[in-house]
Protein chains: 2
Amino acid sequence: MEKQMTTKEKIIFESLKLFSEKGYEGVSMREIASAVGIKGASIYNHFKGKEEIFNAIFEEMKSRYDGFATSMHIPVEQDDTTTEIYLNIDEEMLLKYTENLLGFLVKEEFPVMFRKLLVGEQHRSPIAAEMLKQYYFDGPILFQKQLFESLQKKGVFKGYDAGIMALHFYSPIYYIICKLDLGASYEEYLQTIKSHVHGFYMLYVK
Amino acid sequence: MEKQMTTKEKIIFESLKLFSEKGYEGVSMREIASAVGIKGASIYNHFKGKEEIFNAIFEEMKSRYDGFATSMHIPVEQDDTTTEIYLNIDEEMLLKYTENLLGFLVKEEFPVMFRKLLVGEQHRSPIAAEMLKQYYFDGPILFQKQLFESLQKKGVFKGYDAGIMALHFYSPIYYIICKLDLGASYEEYLQTIKSHVHGFYMLYVK
DNA sequence: CCTACCGATCGGTAGG
DNA sequence: CCTACCGATCGGTAGG
């Protein structure tokens, strides 16, 4: 946890930490206050209630994700154009893309905690379900599908169903993310990631 | 919900239903009692407390899974032998295996509710995390890895890393299970499953 | 940002 | 399987 945070930022950060460990319902306002270093009633000077903290966490994550996506040249809003950069992709670059993605998603504590919150609340909170779907299911598959389609048009990849290719490429990554959240070590899976990307490239490239 | 259940069975069933929808912490003993049709205090004639209901749900699922695994000729305890049956596998049989697995995991309500409970409680309950890991991560990967190794020895499959093959085969199935839990329809994904199994078979069979 | 307090609900018990 | 009740804790408010 960084220094120099305002009380409001501290509340967001500590709430996310507690929610990700104990679930939204399992955390009391007094517990959040105690983690921040104030009394329970004082939280209400910054937020109207518990749900507003929940929403603020989502807004904070959206903002962080947008920054990351921009730096990775991944479109945030879905349009039909795949960024130029990815069209000259080779195996090394595909691996680099994967490692950067995982670097953000599993090595930075905010995204890790946020994902644990999303996963834990998906069957109670429609907004959590929608965000999980967008960030970890439909979003990556759509981006990669469009990428592979472009690479097929360029003649780099073989002419399989691009949707299935995206599923073959992305789903092992999602599986590994879930395993890391279950306590596996990144180092343990580094070789698996490399082998997966290598295998994918060998099978599909012309 | 079947008729002719004892009160104890009703408590297990209705608790699982409520836990899967609202989380363990989000459900009160009075809520469970009301769903069963009795008063809150009466539950304590069948269970010592809330946690004992939680544990009973796990025992019930274990028993149901053992029955399913036996019928599928999937080893419940991990040993080194792959059942004879699977060694003469072809694409049709591989698809049948996948459809049977999904039929149990996503079409029967008890496994569906139980998985939602596991996923939702994995970061709070070590026993939920362990069971999720065994049922949905390490278990299927180990079984399939051994299967593909056997098929490689028989000369049916090409000589890729069997662990990566298992990851390529299983992780799209897990991805689809999660999407179905998020509200997608089975029919919508039937074609994807077929294409995935077909693609896998084409890529890896000799 | 605090103390003091509200009504509601929690898991669980006593006793029949 | 019930009514009646326990102490503890919940989200939130009043007022300073």
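Excluded from the calculations below are hydrogen atoms, water molecules and symmetry mates; all remaining heavy atoms, backbone and side chain alike, are included.
For the pair A/Arg64 and A/Phe110, the cation sits on the ring face: its NZ or CZ lies under 6.0 Å from the ring centre, inside 45° of the axis.
Checked against ring pair (Phe, Tyr, Trp, His ring centres under 6.0 Å), A/Phe114 has the following partners two or more places apart in sequence or in another chain: A/Phe58. Evaluation of the salt bridge (Lys or Arg N to Asp or Glu O under 4.0 Å) rule for B/Lys179 yields A/Asp138 as partners, not counting sequence neighbours. In terms of the side chain to side chain donor-acceptor pair (under 3.5 Å) criterion, residue partners of B/His168 (sequence neighbours excluded) are, by chain and number, A/His196, B/Tyr204.
Evaluation of the side-chain hydrogen bond (donor to acceptor under 3.5 Å, both in side chains) test over residues 26-35 of chain A, restricted to residues two or more places apart or in two chains, returns A/Lys22-A/Glu31.
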Collect all protein-nucleotide pairs involving nucleotides 10-14 of chain D in which both atoms are nitrogen or oxygen and the distance is under 3.5 Å.
{"unit_1": "D/dC10", "atom_1": "OP1", "unit_2": "A/Ser28", "atom_2": "OG", "d": "3.2"}
{"unit_1": "D/dG11", "atom_1": "OP1", "unit_2": "A/Val27", "atom_2": "O", "d": "3.2"}
{"unit_1": "D/dG11", "atom_1": "OP1", "unit_2": "A/Lys50", "atom_2": "NZ", "d": "3.0"}
{"unit_1": "D/dG11", "atom_1": "OP2", "unit_2": "A/Met29", "atom_2": "N", "d": "2.9"}
{"unit_1": "D/dG11", "atom_1": "N7", "unit_2": "A/Arg30", "atom_2": "NH1", "d": "2.8"}
{"unit_1": "D/dG11", "atom_1": "O6", "unit_2": "A/Arg30", "atom_2": "NH2", "d": "3.0"}
{"unit_1": "D/dG12", "atom_1": "OP2", "unit_2": "A/Tyr44", "atom_2": "OH", "d": "3.3"}
{"unit_1": "D/dG12", "atom_1": "OP2", "unit_2": "A/Lys50", "atom_2": "N", "d": "3.0"}
{"unit_1": "D/dG12", "atom_1": "O6", "unit_2": "A/Arg30", "atom_2": "NH2", "d": "3.1"}

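Between B/Phe200 and B/Phe148, the ring centre distance stays below 6.0 Å.
Checking D/dC1, C/dC2, C/dC1 against the side-chain heavy atoms of A/Thr7 singles out C/dC1 as nearest.
Paired regions of DNA chain D, where each region holds three or more successive Watson-Crick or G-U pairs whose two hydrogen-bonding distances fall under 3.5 Å, are C:1-16 with D:1-16.
Side-chain atoms of B/Glu9 and B/Phe13, non-hydrogen and from C-beta on, never get closer than 4.5 Å to each other.
When the P atom of C/dC2 is taken as reference, atom CD1 of A/Ile43 falls 10 Å away, rounded to whole Å.
Taking both residues in full, the closest heavy atoms of A/Ile11 and A/Val36 are given as CA-CG2, 3.8 Å, listed atom of the first, atom of the second, then distance.
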